[in-house]
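For clarity, every value in this text was computed on a predicted model and none was experimentally measured. All values below come from the heavy atoms of this structure, side chains included, with hydrogens, waters and symmetry mates left out.
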Amino acid sequence: MVQLYNLHPFGSQQVVPCKLEPEQFCGGGRDALFVASGCKVEAFAVAGQELCRPRCAFSTLGRVLRLAYSEAGICNETLQPEPDDFVICQKPMELLGEKSEQSGVSVTLESIGLADEKIKYFHVQHLLYRRFAPDISSYVLSDDIKLHSLQLLPIYQTGSLPSDRKSSSQEKELLSLFCFFSLPHVGYLYMVVKSVELMSVYQYPEKSQQAVLTPQFLHVITSNYLQCYTVRCSAAAAREEDPYVDTTLKACPPVSMDVCALRIQLFIGLKAICHFKNHIILLTKADPETIPERKESSKRLGSKKGTSVNLRTPPAAEAGWNLYIVNTISSVQLYKEMVDYSNTYKTAKTQSCIHLLSEAHLLVRAALMDACQLEPGEKAELVEAFKDSCAHLGDCYSRLDTQYSHLALPYYKMSGLSMAEVLARVDWAVEDGSQKYERGLIFYINHSLYENLDEELSEELAAKVVQMFYVAEPKQLPHILCSPSMKNIDPLTAMSYLRKLDTSGLSSVLVTLTKAAMALKMGDLDVHRNEMKSHSEMKLVCGFILEPRLLIQQRKGQMVPTEFAVHLKETQPGLLVASVLGLQKNNKIAIEEADSFFKVLCGKDEDTIPQLLVDFWEALLVARLPDVVLQELFFKLTSQYIWRLSKKQPPDTIPLRTSEDLINTCSHYGLINPWVNVLLSSDTLGDKNFMEDLSKLQSLICGPSFDIASIIPFLEPLSEDTVAGLSVHVLCYTRLKEYEQCIDRLLERCPEAVIPYANHELKEENRTLWWKKLLPELCQRIKRGGEKYQLYLSSLKETLSVVAVELELRDFLNVLPEDGTAAFFLPYLLYCSRKKSLT
């Protein structure tokens, strides 16, 4: 049985001043009502609460059988249609969508009144086939299975029409389409957009005569009652319009929710109904009744005076009729009545409260979907009513113990209420000394505190939230204390609850870290140190991974280090870097966010890189990240090493890892080529403060993973005039196999390093460079003399020793200079000639 609420959707009513008894009527345009009788059509102006006024009248060529309004004009049908055929001996059947073509019913389009070229734009689409059969055992008359009130109801995209409302209907964007039809005792509402689906079934308490569907209501008339039912059109359309409905962001009452009757109002002699904007047009007609007629008997002389009563049926013209306009009240006014009505269920904590408030919510939703018909003031009222309805539904789901308690979250979100405003609606009173908090409220508060909302609760409200979670969800207490919204919590209050926690079912390290954070807030460093000593560093890192907000919080879209993070920066920077690394590896923070965190933590601007961030980058390399991030990380580190070397800028804090540590623990850092040490030892005046940065840069270049070509353009600030700069340039060009260029640079800048370089680099296929490049270069430079003569001469001797071993005597002679001193080269020639016999 459909639930009945005694609400008042109908307002004032007035009689339409028709001259003839109405046979057909419809509404149309902005304010017009058309009434047909025989071959005559009357038009009336209907505007708001004003009296209905005659506008004009016109005649038709034949008697009007059907009347409908379109933007092109009035359509009337003056040909009698063939009666429908009903087959009542077959079984009931329902075919939906394309399957309905299997019904065997043939439909053919006729282009009456249409130009031939336009018929191609029309086609037949089968939506639904349904066959009914009567219950023969009840001997139901054929009238009781007769279909009536077939109607298609479109709902258009919200805001798809321009505000001037002058666009044609073709510019509307269809959102949803609904199909309604009715039997005398039951009505069916289908959704027929992407798929055909039965939405609602309406069981009428008595035989219906006609029904009309609107986006907000289903109006049904019986012989003596006007009935108003709720519909689910706006619930279905909302899901078509917004993909975020039915998430933690938004909610809407389900399409499957039971419909209800808002009003069943007495109205004698109802015959027909139509709906027009906020008006319901009703035709009433009293059935002819037997009317007593008094006749006097013939007066005869001597007879007695008397009377007799004859019964007769009056002609049809004497039967009474009226055409009424019933105004429906505004959606906001009806909404407020529904909310007031729901208060009768509030204390009982029943589903009826949710049901009626859901009906009120859908009422407002439907009105907002027809926003193009609203004035700005009306729309503002509806928007406020919508938010208010969301707040009431949030209250219901937060307080009532239902399986849908989680809906408190999206409804409160849509209400626009702040967390403090929601908490102000909570009844904190305790009657028997034990406070119970329902799942919906806990779910909402917990989720909101996780969302990093830019809202700080007062100390009083924060204390109530802590007490609430201690009672209802003690496992969540450490987490909610880390929310930025709980910034104003008294740390003594928080500590007292944390100490009372039973940690058997909790992560003890998380409780420990939360206590340590509260101790810092209280300024009690002894308690803080004792808490931090109770677990190993590895476990502490795991605790920070469980709750990143102990270190990092979001406020107004910005990454903000906590007081805890600031303290660790000064006392345990290694733990801090390891913890942020753990967050990154567990997808709790992106690398870019970590970069920003360390810059803010160390008080650096966007262009300045603190050493703690360099430590983090180095830790990322040690952690073996995927290759997709690797080259970007190499670039960040090498750029920073180069910048500090070129600016002679020492690190702002002591690095956590030395180059030796990185070489031993990270495969991306390679062993530095031995000739580099010879090169560096030549600079006795070098600044030892920058040796770690230089060694790390050299080690990265010597590693197997670094893309050398990518760093070449950024070497410019590092001058080759310094030994440090020269070593980096030569290492890079060596990795690029530019050996001849490197030999030239070493011979020019540091000849003592050229032989160690050649011994290490000129091997296998590059061995020919000993005699093709190094030997002739040394000879040329010795000829020119100069202050490096002895260095060149020493290098030449070592080069000749290598060449004498590698080449045959004839080849050796060919590479020697023609103007060389024979005595100088003779020992090497003798060795070359005797090496076969020696081997």
Next item on the list: Could you tell me which non-hydrogen atom of Pro410 sits nearest to which non-hydrogen atom of His406, and how far apart they are?
Entry: CD-O, 3.3 Å
Value rounded to 0.5 Å, distance of [atom1] in [X] from [atom2] in [Y]:
X	Y	atom1	atom2	value
Met338	Asn343	CE	CG	13.0 Å
Gln611	Asp693	CD	CG	7.0 Å
Glu660	Leu671	CD	CG	10.5 Å
Tyr397	Leu441	OH	CG	15.5 Å
Leu612	Leu601	CG	CG	6.5 Å
Thr638	Leu700	OG1	CG	7.0 Å

Non-hydrogen side-chain atoms of [X] and [Y] separated by less than 4.5 Å:
X	Y	result
Leu423	Leu457	yes
Ile589	Pro548	no
Arg425	Leu417	yes
Met518	Val527	no
Gln476	Leu449	no
Cys732	Ile712	yes

Between [Y] and [X], is there a side-chain donor-acceptor contact under 3.5 Å, judged purely by atom types and distance?
X	Y	value
Asp395	Tyr412	yes
Ser727	Gln698	yes
Asp388	His392	yes
Tyr404	Gln351	no

Checklist line | Crowding at CZ, Arg624 (>12 non-hydrogen neighbours, <6.0 Å) | finding: no
Check: Does a sphere of radius 6.0 Å around NZ in Lys336 hold more than 12 heavy atoms from other residues, nucleotides or ligands, not counting ones at 6.0 Å or beyond?
Finding: no
Next item on the list: Answer yes or no: is there a donor N or O on one side and an acceptor on the other, between the side chain of Lys521 and the main chain of Lys487, under 3.5 Å?
Entry: yes
Enumerate, atom names and distances included, each donor-acceptor pair closer than 3.5 Å involving a side-chain atom of residues 490-501, sequence neighbours excluded.
from: Asp490; atom 1: OD1; to: Leu492; atom 2: N; distance (Å): 3.1
from: Ser496; atom 1: OG; to: Thr493; atom 2: O; distance (Å): 2.6

Margin query: Can you confirm whether or not the ring centre of His361 sits under 6.0 Å from the ring centre of Phe386?
Written below: yes
Check: Do His479 and Phe469 have ring centres separated by under 6.0 Å?
Finding: no
Check: Should the pair Glu451-Lys413 be classified as a salt bridge under the 4.0 Å nitrogen-to-oxygen rule?
Finding: yes
Checklist line | Pairs touching residues 567-594 that satisfy salt bridge (charged side-chain N to carboxylate O under 4.0 Å, His left out), sequence neighbours left out | finding: none
Item checked: Reference residue Glu618; test salt bridge (Lys or Arg N to Asp or Glu O under 4.0 Å); the match among Lys636, Arg657, Lys696 -> Lys696
Margin query: For the residue pair Arg549 and Phe564, would you count it as a cation-pi contact if the rule is NZ or CZ under 6.0 angstrom from the ring centre and within 45 degrees of the ring axis?
Written below: no
Next item on the list: Kindly indicate, with the supporting measurements, whether the criterion salt bridge (Lys or Arg N to Asp or Glu O under 4.0 Å) is fulfilled by Asp401 and Arg439.
Entry: CA-CA 7 Å; Asp401 188 12; Arg439 290 177 297 165; 3.1 Å; yes
Next item on the list: Let me know which of Phe706, Tyr669, Phe714, Trp617 forms a ring pair (Phe, Tyr, Trp, His ring centres under 6.0 Å) with Phe634.
Entry: Phe706
Next item on the list: Apply side-chain contact (heavy atoms from CB on, under 4.5 Å) to Val383 and list each qualifying residue two or more places apart in sequence or on a separate chain.
Entry: Leu368, Lys379, Lys387
Item checked: Result of checking Cys390, Ser389, Cys252 against Met414 for side-chain contact (heavy atoms from CB on, under 4.5 Å) -> Cys390
